[in-house]
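Please read these numbers as outputs of a predicted model, since none were measured by experiment. Lettering of chains follows the sequences in order, A, B, ..., and the numbering in each one begins at 1.
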Amino acid sequence: MTSRLRGRHVFGAQNDERSVQAEENAPTPAQLNLTRLFEQNQERQQKNMAAKATEQPSDGQAKGKPRLLLMGQRRSGKSSISSVVFHKLPPSETLFLESTARIQKDQLPSFMDFQVWDFPGQIDIFENPTFDMDAMFGEIGALIWVIDAQDDYMEAVARLNITILNLQQTYPNIKIEVFIHKVDGLSDDYKLDIQRDITIRIQDELSDHGFENAPVTFHLTSIYNHSIFEAFSKVIQKLIPRLGILEAMLTNLCRTCRFEKAYLFDVTSKIYIATDSAPADMTSYEICSDYIDVIIDVTEVYGSWPRSDNYRGALEASPWSQKIEDQVASNWAESCIVLSDGNKPIILREVDKYLALVAIMKEDSYDKMPLVNMNVEVIVQGLKEFFDITKPK
Amino acid sequence: MADTESTTASMSHAPVSDVRNEVKKPKKKKVLLMGKSGSGKSSMRSIIFSNYIARDTRRLGATIDIDLSHVKFLGNLTLNLWDCGGQEAFTENYLTQQRVHVFSNVGVLIYVFDIESRDVDRDMATYVSIISALTQYSPTAKVYVLIHKMDLITMHAREAVFVDRVRLVQQKTSEYTQAAGIAGEVDLIPFATSIWDQSLYKAWASIIHDLVPNLSVIESQLGSLGTIIEAEEMLLFERTSFLVVSSWTSEEGQHNPTGDRQERMSNILKHFKQSISRFTGTPRNAEQFTLMEHKAGTRFSMFVCKFTTNTYLMVVLPPGEARFNSARFNCEIARESFKFLDGAASGPAQGQRT
């Protein structure tokens, strides 16, 4: 209830609130209108959901942080995945990870503050009555089931089926993502065969029990390449409210600035939370994500130590005679690299603490950089407004 | 072979004092890469000079006999790199039949120790016999000792293990020199290295540093450019290997707490170069980018640009749009005075070296 109450007075315009609002950061009429529309939609959606799932608290999803549950057989690679993606462990070091004995809960400070719960594979939560199912699945965002593709996966598939059937009855909104894992080293044909086999086995089982079109998605992953990030990106994107608008904004930017591809990245996890409508390919994702790494590394070396006051004084003296803050064009990180191959620039622009926009541009467009920067600035402002309005209240 | 070639060259040309000809055929000093079999000599060489990534080196087979390569560096400087297979039979052969052939006219000996080696005493014995051959035929050669595969040692123990091993090597060396009655110590320069981090770049940048002619000129020119554009730091990279050839740091920049930043930058840029080559599908050795700029708000700005034909220049600046743009222009202009790096005017370099 609080979310709606607090949300309402933004456009409800109570007399006592108005002055404070105006002082802080007066929202424009357009902004207010957008907010109101969003709230209305959200309300309608929640009503629908409440109708479908009566047990679920009506505004549980809006309030809590989205949660990703990692489950699967033991030694299927759950802890390795979470260490590589969220803790930046080099993939080769995951050999030394101990097996997980109890549920590992990770809070990830990122743009949408999600939690990752890593379940030990040897425990079956449905047979063990001590688990509070509501606490676990009540506010869930997605359930990620990891299957080791290089192992015999029959048992894993059987357990997954039981889990899905159990969950479908009580929590039908849970998105189930199946990671067919450790596919590095398998041939492309073999990978697809496995994927088809697993998909059929699960869908047959579900339709036998009367669940058609259950929300189950399959991904082929490996921690030794970018596929695991790609898969996580798709999972996270499903949890973002109004993803379509984000994508439309990026598509628009790509069209006006003639970008080949634009990604909105979560900088810490390298997961992209939105991209434009052009088909995404792995190589462009890789180069953008690697470029973020370069910038992070360079900034760590040169942008993390304090300069002396004298130095600052000298820099602000003539011939510049301006404060440092006034000398820079933008307070946010702006970066660009021009590739030799076709003179293609790749640009990077910091959006806020957690997000960055990375885009691959068309050949020979470096000369238009000032104009591009202005356009990007507009989009970035738009993105900020978007997150301001849609953030959980 | 190399030995006879160079002596005849100096004999026939020196009297005529044909400087031009001498420039064209510089006396190439050898760089010997030695160490026990499997210690990582060829891996190292492939990463630095052939743009391999660390993972790929697993595919390398054993080096049979001597792998000769002429590595072009900075255009006119050619490294005559002798990668010597380390199996005992080969080593025996180098020390006996090929002794003169291998150990004469050596500029630099790079001796690689595997930190994980089980038979340290034997390693040391081989090392000492190689040093004895070296002091016999090339007494002026510099000796670099690389303690390799340091990534296999746990973080906190690395320093101690390294110091310990270096002490052992030094002790063995001085025992030998005293016994053989050689005046003065053999000058050892030790490095702890691993192909999995930037330590490799540190060692090789230092080795290269000694081989580049005209270094003082480059350094002073870089310094004056840096002062003019108010830079904090400038690094000059070689084009293919991305080793730091020369660097300059302003007074303020010297307070930077990151001590290993040069080799870190080499590592970062080289890795990204490989990412680009995967993206564009161009060969790894090809040139990959022409310009990279980064403006981090009110903290700092930096750019890396193609400088001369064989070099990239990285400039770290204090924040400021106008400062950044003028620095870019100034570097364009300064390019002209660094042209000599590409080889045309290498005359004085030869003079200095001989």
Classify the ring geometry of A:Tyr272 against A:Tyr285: parallel below 30°, tilted from 30° to 60°, perpendicular beyond 60°.
tilted

Under 4.5 Å from a heavy atom of chain B, the part of A:Ile360 involved
side chain

State plainly whether the residues B:Arg59 and B:Asp56 are in salt-bridge range, i.e. N to O under 4.0 Å.
yes

Quick check on B:Glu233 against chain A: is it the side chain, the backbone, both or neither that has a heavy atom closer than 4.5 Å?
side chain

Under a 4.5 Å cut-off applied to non-hydrogen side-chain atoms, are B:Ile229 and B:Ser326 in contact?
no

Considering only heavy atoms, which portion of A:Glu286 lies under 4.5 Å from any heavy atom of chain B: side chain, backbone, both, or neither?
side chain

Criterion ring-ring contact (aromatic ring centres under 6.0 Å, His included) on A:Phe232 and A:Phe179, from CA distance to verdict
CA-CA 10 Å; A:Phe232 260 103; A:Phe179 283 13; 5.5 Å; yes

Does any backbone or side-chain atom of A:Tyr366 lie under 4.5 Å from a heavy atom of chain B? Answer side chain, backbone, both or neither.
side chain

Contact winner vs chain B - A:Met282, A:Gln322, A:Arg307, heavy-atom pairs under 4.5 Å
A:Arg307

Does B:Arg45 count as lying over the ring of B:Tyr52, i.e. NZ or CZ under 6.0 Å from the six-ring centre, within 45 degrees of the axis?
no

Against chain A, label B:Ser277 side chain, backbone, both or neither, depending on which of its atoms sit under 4.5 Å from a heavy atom there.
neither

Could you tell me whether B:Phe338 atom CZ has more than 12 heavy atoms of other residues or ligands within 6.0 Å of it?
yes

For chain B, which of A:Ile295, A:Asp326, A:Leu348 has the most heavy-atom pairs under 4.5 Å?
A:Ile295

Could you have a look at B:His271, B:Met302, B:Glu232, B:Arg323 and say which one has the most heavy-atom pairs with chain A under 4.5 angstrom?
B:Arg323

Among A:Gly342, A:Pro306, A:Pro90, A:Ala333, who wins on heavy-atom pairs under 4.5 Å with chain B?
A:Ala333

Per-residue contact mode, B:Arg55 against chain A (heavy atom under 4.5 angstrom)
neither

For chain B, the option from A:Val301, A:Asn331, A:Thr283 that forms the most heavy-atom pairs under 4.5 Å
A:Val301

Any ion pair linking A:Asp281 and A:Lys261 (charged N to carboxylate O, less than 4.0 Å)?
no

Could you check, using the six-membered ring where one of them is a Trp, whether B:Tyr312 and B:Phe289 have ring centers closer than 6.0 angstrom?
yes

Side chain, backbone, both or neither: which part of A:Thr299 has a non-hydrogen atom closer than 4.5 Å to chain B?
both

Could you tell me if A:Ser284 and A:Tyr263 have a donor-acceptor pair between their side chains, going purely by distance under 3.5 Å?
yes

At a 4.5 Å cut-off on heavy atoms, which part of B:Glu252 comes close to chain A: side chain, backbone, both, or neither?
both

If I measure from the heavy atoms of chain A, does B:Thr282 come under 4.5 Å with its side chain, its backbone, both, or neither?
side chain

